[in-house]
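Working notes for the structure below.
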Number of protein chains: 2
Amino acid sequence: MRSTRVTLRDIALAVGTSTSTVSLALRGNTRISAPMRERVRVEAERLGYQGDLAGSLLRTANPRVLGLLCRLDQELHFTYHERILALAWARGYRVLVEGVSEGHPAQQAMGLLEQFRAQSIIVIDPRTLEGVSAETARVPLVTVGQERARAGDDLVVSDNASGIGELVDHLAGLGHRRVVHLEGPAGVSSRARRQALCDQAAERGMGVETVQAGSDLDSGFRAMESLVEAADGAWGLPTAVVCYNDQCAQGAVIALLRAGLSVPGDVSVSGFDNSRVAASRALGLTSVDRRPEDIARHAVERAIARSEGDGGGSHLQRVASRLVVRTSTGPARPGRT
Amino acid sequence: MRSTRVTLRDIALAVGTSTSTVSLALRGNTRISAPMRERVRVEAERLGYQGDLAGSLLRTANPRVLGLLCRLDQELHFTYHERILALAWARGYRVLVEGVSEGHPAQQAMGLLEQFRAQSIIVIDPRTLEGVSAETARVPLVTVGQERARAGDDLVVSDNASGIGELVDHLAGLGHRRVVHLEGPAGVSSRARRQALCDQAAERGMGVETVQAGSDLDSGFRAMESLVEAADGAWGLPTAVVCYNDQCAQGAVIALLRAGLSVPGDVSVSGFDNSRVAASRALGLTSVDRRPEDIARHAVERAIARSEGDGGGSHLQRVASRLVVRTSTGPARPGRT
DNA sequence: GTGAAAGCGCTAACAT
DNA sequence: ATGTTAGCGCTTTCAC
């Protein structure tokens with residue numbers, strides 16, 4: 001809790017050299033002799049030197065700072081965030097994270113990142129930028145999602161088809177001939193996922209019926225509650241329900257259990273995103289994994305390239321998803337459709 | 001995506017004045033005449049001026065930057081984070097958020113905040129600093145949790161007793177004479193909560209039996225699974241279960257439902273934290289709310305005071321919790337203990 | 001009411 | 001192999 005900061009100058013004075021030597025030495029530049037580098041390192045340690053980014057930021061052309069804009073209340077965004085931080089750090093980049101939420105609009109968040117000199121910004125899900133014209137951004141954007149936040153930028157997109165294809169195969173193999181899809185909230189992502197499901201199911205001669213639900217626990221709960229009411233017993237229910245995401249699936253499972261039905265005995269349920277709850281023993285949701293590590297890797301890759309001045313055309317990276325089978329899906333009850 | 005930044009100098013040149021005037025004008029200093037302030041504002045807008053914190057940070061003694069260290073994978077931390085951001089922003093402070101996670105240890109996170117000149121740091125839950133000697137921090141810390149991260153710092157603490165007292169009253173009123181407590185992970189927080197429950201229950205002549213569980217879905221699920229197995233039917237089960245937090249409670253509910261039991265018909269279940277899942281219709285958990293808005297308010301208050309040089313003794317703020325009753329608790333089945 | 005000048009801590013170009 | 005110098009964009013005296 002010392003009031004005055006230890007600077008390069010303090011180290012230089014202590015070692016008896018110049019600030020520029022200290023600066024280079026601390027960054028491990030080989031222009032400085034090994035022994036000198038060591039002496040500097042030791043002295044910096046002793047004085048408790050903590051670099052000041054303000055000075056560094058100001059001077060250098062590429063301060064190696066990336067921005068990240070996401071909605072941290074969504075677990076998947078948190079997963080991306082974690083991976084992105086680790087990867088960027090390993091490459092010597094710092095990441096400034098801004099979580100967009102009700103009390104902290106995207107406009108503010110974006111401004112702050114630019115004020116701190118983020119050289120390029122990774123945006124998880126274009127909807128995070130709702131209310132901001134992406135055009136106002138003065139830096140390159142790398143979007144993770146189904147569509148670019150702004151033309152000319154880079155995009156890392158999940159390929160839903162692969163994982164959903166595996167899911168449909170899995171369900172067909174278990175004898176399910178018809179599935180109900182609990183659809184997500186209106187939007188590109190939801191549409192893309194539904195389209196993929198319909199396409200893949202059609203190819204395999206499986207029927208899909210779509211019901212409006214949403215992305216959270218209660219959307220799934222309510223939608224399933226309605227289905228159960230309308231069905232009047234297990235015989236009127238579909239044998240399998242494919243949900244927009246894991247939260248929605250969780251709601252659906254709870255509704256089934258509350259109705260005295262068994263999962264997967266009476267109804268099989270699948271989710272999407274392979275989140276923590278999916279992996280839990282309590283639910284054991286069969287779910288589609290989007291390989292967040294790979295997505296994060298590509299996003300960081302592009303963000304760094306852009307921050308280093310790569311202005312070449314807008315890149316597109318497609319990452320295949322894959323199915324993770326757990327206990328929430330099982331054989332279709334014979335005799336039911 | 002312009003390559004070169006618009007600076008104060010650019011605005012000054014355009015308006016035909018000096019950078020110092022522009023600087024003062026943009027910050028609304030009344031030393032500058034109103035018409036001049038307006039001209040500067042307009043020109044800044046026209047040029048798309050975006051302040052550069054690097055310069056500002058470097059020059060000014062109190063750059064009005066707070067740091068926030070939390071575990072963003074926990075919903076409650078996210079809630080605090082959101083409130084803190086909004087409150088700090090309203091008072092003209094920026095907040096740099098660092099989410100500690102596996103790939104991004106507390107040491108790194110703390111270092112980064114200091115490098116960016118955070119004047120004081122709010123730490124949600126002292127366990128967030130695991131692996132870091134808090135003594136190394138060169139700035140004041142404000143801890144939110146049950147104990148200080150470092151002696152001499154400020155603490156904002158949840159008063160468990162008030163909410164848990166209400167909970168015990170509520171359960172007693174419903175006819176419950178004995179409750180089982182699903183305890184959280186070993187640690188101060190868990191201990192404090194258990195102690196509060198035992199104290200409050202003792203005062204009202206209610207019996208408490210403690211079972212080791214944890215803080216997540218599966219801890220609750222497993223613990224409840226064991227209880228159900230051991231009980232062999234509803235008659236051997238407690239009439240009410242008080243869980244460490246909402247996640248744990250959720251696991252407990254799912255275990256009960258899977259066993260064909262009803263909540264609250266057979267067993268009442270309560271949580272802690274009043275999270276989104278507690279408020280969901282699917283679960284409707286009776287839960288203890290910690291008034292995160294108030295906690296956030298006090299934390300921001302102290303952090304700002306410290307950043308402005310308030311060195312006076314270490315403050316302690318206690319925030320009362322309160323019960324939120326929902327549908328997961330109901331009358332005890334008559335005849336059962 | 002406004003401008004000139006100094007300097008925050010750092011890095012990069014240019015000496016030596 | 002190391003030191004000197006200039007300057008990043010901003011705020012803050014201090015002088016007018």
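So you know, we letter chains A, B, ... as the sequences are listed, proteins then strands, and number each from 1. In this text, all values refer to a predicted model and were calculated from it rather than measured experimentally.
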Completion exercise
Ranking dT4(D), dG3(C), dC10(C) by distance to the side chain of T17(B), first place goes to dG3(C)
Problem - Toward the 5' end of DNA chain C, by each residue's nearest nucleotide, M36(B) or G55(B) - result: M36(B)
Handout entry: N/O donor-acceptor pair under 3.5 Å between R5(A) side chain and G51(A) backbone
Key = yes
Exercise for the section: Scan R117(B) against the nucleic acid and name what it touches under 4.0 Å (heavy atoms): base, sugar-phosphate only, or nothing. Expected result: sugar-phosphate
Exercise for the section: Compare all side-chain heavy atoms of Y80(B) with those of I295(B) and state whether any distance is below 4.5 angstrom. Expected result: yes
Practice task
Determine whether any donor atom in the side chain of R31(B) lies under 3.5 Å from an acceptor atom in the base of dT2(C), or the reverse, and answer yes or no.
Solution key: yes
Problem - Flag, side chain of R39(A) to backbone of V15(A), donor-acceptor distance under 3.5 Å - result: yes
Exercise for the section: Could you tell me whether the phosphate oxygens of dC10(D), OP1 or OP2, come under 4.0 Å of any side-chain nitrogen or oxygen in S56(B)? Expected result: no
Handout entry: Lys/Arg-Asp/Glu bridge criterion (N-O < 4.0 Å) met for D310(A), R302(A)
Key = yes
Problem - dG9(C) OP1/OP2 closer than 4.0 Å to side-chain N/O of Y49(A) - result: no
Practice task
Kindly say if T19(B) contacts the phosphate of dG9(D), meaning a side-chain N or O under 4.0 Å from OP1 or OP2.
Solution key: no
Practice task
For dG3(C), take OP1 and OP2 only and decide whether either is under 4.0 Å from a side-chain N or O of T21(B).
Solution key: yes
Exercise for the section: Would you mind reading off the distance between N62(A) atom CG and dC8(D) atom C1', rounded to a whole angstrom? Expected result: 15 Å
Fill in the blank from the handout: In whole angstroms, the gap separating P of dG9(C) from CD of Q115(B) amounts to 15 Å
Problem - Closest-nucleotide ordering on DNA chain C, the 5'-leading residue of S33(B) and S23(A) - result: S33(B)
Practice task
Provide, to the nearest angstrom, the distance between the CG atom belonging to L13(A) and the P atom belonging to dC10(C).
Solution key: 13 Å
Practice task
Check every strand shown and say whether R27(A) touches a base, only sugar-phosphate, or nothing at a heavy-atom separation below 4.0 Å.
Solution key: sugar-phosphate
Exercise for the section: Look at the side chain of S20(B) and the base of dA4(C), then say whether one donor and one acceptor between them are separated by less than 3.5 Å. Expected result: yes
